[in-house]
Amino acid sequence: MFTGIVEELGIVAGLVDLGDAARITVRGPIVTGDAGEGDSISVNGVCLTVVDVEDGAFTADVMRETLDRSSLGRLAEGDPVNLERAATLATRLGGHLVQGHVDGVGEIRSRQPAEQWEIVTVSLPAGMSRYVVEKGSIAVDGVSLTVTRVDDDSFSVSLIPTTLKLTTLGHKGVGEPVNLEVDVIAKYVEKLVGERLS
């Protein structure tokens with residue numbers, strides 16, 4: 001479980017294609033400071049299990065389904081990635097409850113800069129808009145954000161200078177993919193209400 005508050009902008013240090021999987025090595029001295037084998041680290045919003053830690057970098061195995069259902073399959077060596085260690089019972093919940101289970105991949109449709117912040121509009125995969133509400137939470141590449149507008153096939157968020165500076169969302173361009181995770185509470189409510197009405 002994560003909170004969507006990025007701790008560090010890491011760098012992809014290595015990628016090995018294993019056919020039906022991949023092995024990724026990410027440099028991130030903050031998140032590896034206390035990391036060990038078996039720990040969970042969110043990489044662009046995807047929960048990965050650490051298999052090795054060495055010299056400020058960690059390695060994780062990524063199965064084919066994760067590569068197909070997220071933007072991790074499009075990463076290249078040298079790419080920046082958002083990193084967050086798993087939350088503990090003593091962690092401040094500065095964002096919202098984020099599982100690290102990507103619901104779909106959107107694309108940045110537009111960026112509208114203002115003097116101190118920026119409005120970013122992201123496409124929504126088919127069927128996801130029912131889980132996204134204005135003023136609700138969504139994780140974009142693992143960053144907990146508040147939705148400022150939602151349509152049938154897109155939503156918008158306002159990014160403050162800190163988010164623009166310290167996460168990948170500050171320099172991703174129009175057309176680039178982003179991992180999306182909707183608020184898990186919405187999915188549980190839909191399931192419970194659906195069962196009561198059936």
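Computed over heavy atoms, backbone and side chain alike; hydrogens, waters and symmetry mates excluded.
Here the OG1-CG distance, from Thr167 to Leu145, works out to 7.5 Å after rounding to the nearest 0.5 Å. Summarising the geometry, atom CD belonging to Glu176 is positioned 9.0 Å from atom OG1 belonging to Thr168; distances are rounded to the nearest 0.5 Å. In this structure, Cys47 SG and Glu84 CD are separated by 10.0 Å, a value rounded to the nearest 0.5 Å. Atoms CG and CG, from Leu9 and Leu83 in turn, are 7.5 Å apart once rounded to the nearest 0.5 Å. With rounding to the nearest 0.5 Å, the separation of CG in Asp151 from CZ in Arg109 is 8.5 Å. Going from atom CE of Met63 over to atom CG of Leu18 covers 13.5 Å, rounded to the nearest 0.5 Å.
Looking at every heavy atom in both residues, Val98 comes nearest to Thr3 through CG2-C, 4.0 Å. Across Val105 and Leu180, no two heavy atoms sit closer than the pair C-CD1, 4.5 Å. Considering every non-hydrogen atom in both Thr59 and Arg23, the closest pair reads CG2-CG, 3.3 Å. Here the closest non-hydrogen pair linking Arg69 and Val102 is O-CG1, 3.6 Å. Of all heavy-atom pairs between Ser71 and Asp141, the closest is OG-OD1, 4.3 Å. Between Ser158 and Trp117, the closest heavy-atom pair is OG-CZ3, 3.9 Å.
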List the steps and the verdict of side chain to side chain contact (heavy atoms under 4.5 Å, CB included) for Lys187 and Asp103. CA-CA 11 Å; Lys187 294 189 284 187; Asp103 292 304; 2.8 Å; yes
Checking Met1 against Ser40 for the side chain to side chain contact (heavy atoms under 4.5 Å, CB included) test, could you report, in this order, the C-alpha distance in whole Å, the side-chain angles of both residues, the deciding distance, and whether it holds? CA-CA 9 Å; Met1 190 68 73; Ser40 295; over 6 Å; no
Applying side chain to side chain contact (heavy atoms under 4.5 Å, CB included) to Val122 and Ile138, what does each step give before you reach the verdict? CA-CA 11 Å; Val122 179; Ile138 191 166; over 6 Å; no
Give the intermediate values and the outcome of side chain to side chain contact (heavy atoms under 4.5 Å, CB included) for residues Leu75 and Ile24. CA-CA 9 Å; Leu75 288 175; Ile24 183 172; 3.9 Å; yes
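By the neighbour-count criterion of 12 heavy atoms within 6.0 Å, atom CG of Asp152 is sparsely surrounded, having that number or fewer from other residues, nucleotides or ligands. Shown here is Ile185, whose CD1 atom has no more than 12 heavy atoms of other residues, nucleotides or ligands within 6.0 Å.
Side-chain contact between Pro80 and His171 is present, with heavy atoms from C-beta onward closer than 4.5 Å. A 4.5 Å side-chain heavy-atom check between Arg111 and Leu159 finds at least one atom pair inside the cut-off. Taking the side chain as every heavy atom from C-beta outward, Ile30 and Arg85 approach each other to under 4.5 Å. Side-chain contact between Val120 and Leu169 is absent, with no heavy atoms from C-beta onward closer than 4.5 Å. When side chains are defined from C-beta on, Arg74 does not count as touching Asp79, because their heavy atoms never get closer than 4.5 Å.
One hydrophobic cluster holds both Ile108 and Val132 under the rule that ILVMFWY side chains link at heavy-atom gaps under 4.5 Å. Cluster membership check: Val46 does not share its hydrophobic cluster with Val178, using side-chain heavy-atom separations under 4.5 Å among Ile, Leu, Val, Met, Phe, Trp and Tyr. Linking ILVMFWY residues whenever their side-chain heavy atoms come closer than 4.5 Å, directly or via other members, places Leu15 and Leu67 in the same cluster. Connection of Val133 to Val140 is not established within any shared hydrophobic cluster, with ILVMFWY side chains joined at heavy-atom distances below 4.5 Å, either directly or through further cluster members. With hydrophobic clusters built from ILVMFWY side chains whose heavy atoms lie under 4.5 angstrom apart, Ile41 shares a cluster with Val81.
The backbone N or O of Ala13 lies less than 3.5 Å from no partner atom in the side chain of Thr25, so there is not a single donor-acceptor pair. For the pair Arg27 (side chain) and Gly14 (backbone), a donor-acceptor distance under 3.5 Å is absent. A donor-acceptor distance shorter than 3.5 angstrom exists from the side chain of Lys172 to the backbone of Pro177, with no hydrogens or angles considered. Counting only distance, with no hydrogens or angles, the side chain of Asn44 and the backbone of Asn82 share a donor-acceptor pair below 3.5 Å.
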I'd like a table of donor-acceptor pairs (distance under 3.5 Å, sequence neighbours excluded) in which one partner is a side-chain atom from residues 48-56, with atom names and distances.
none

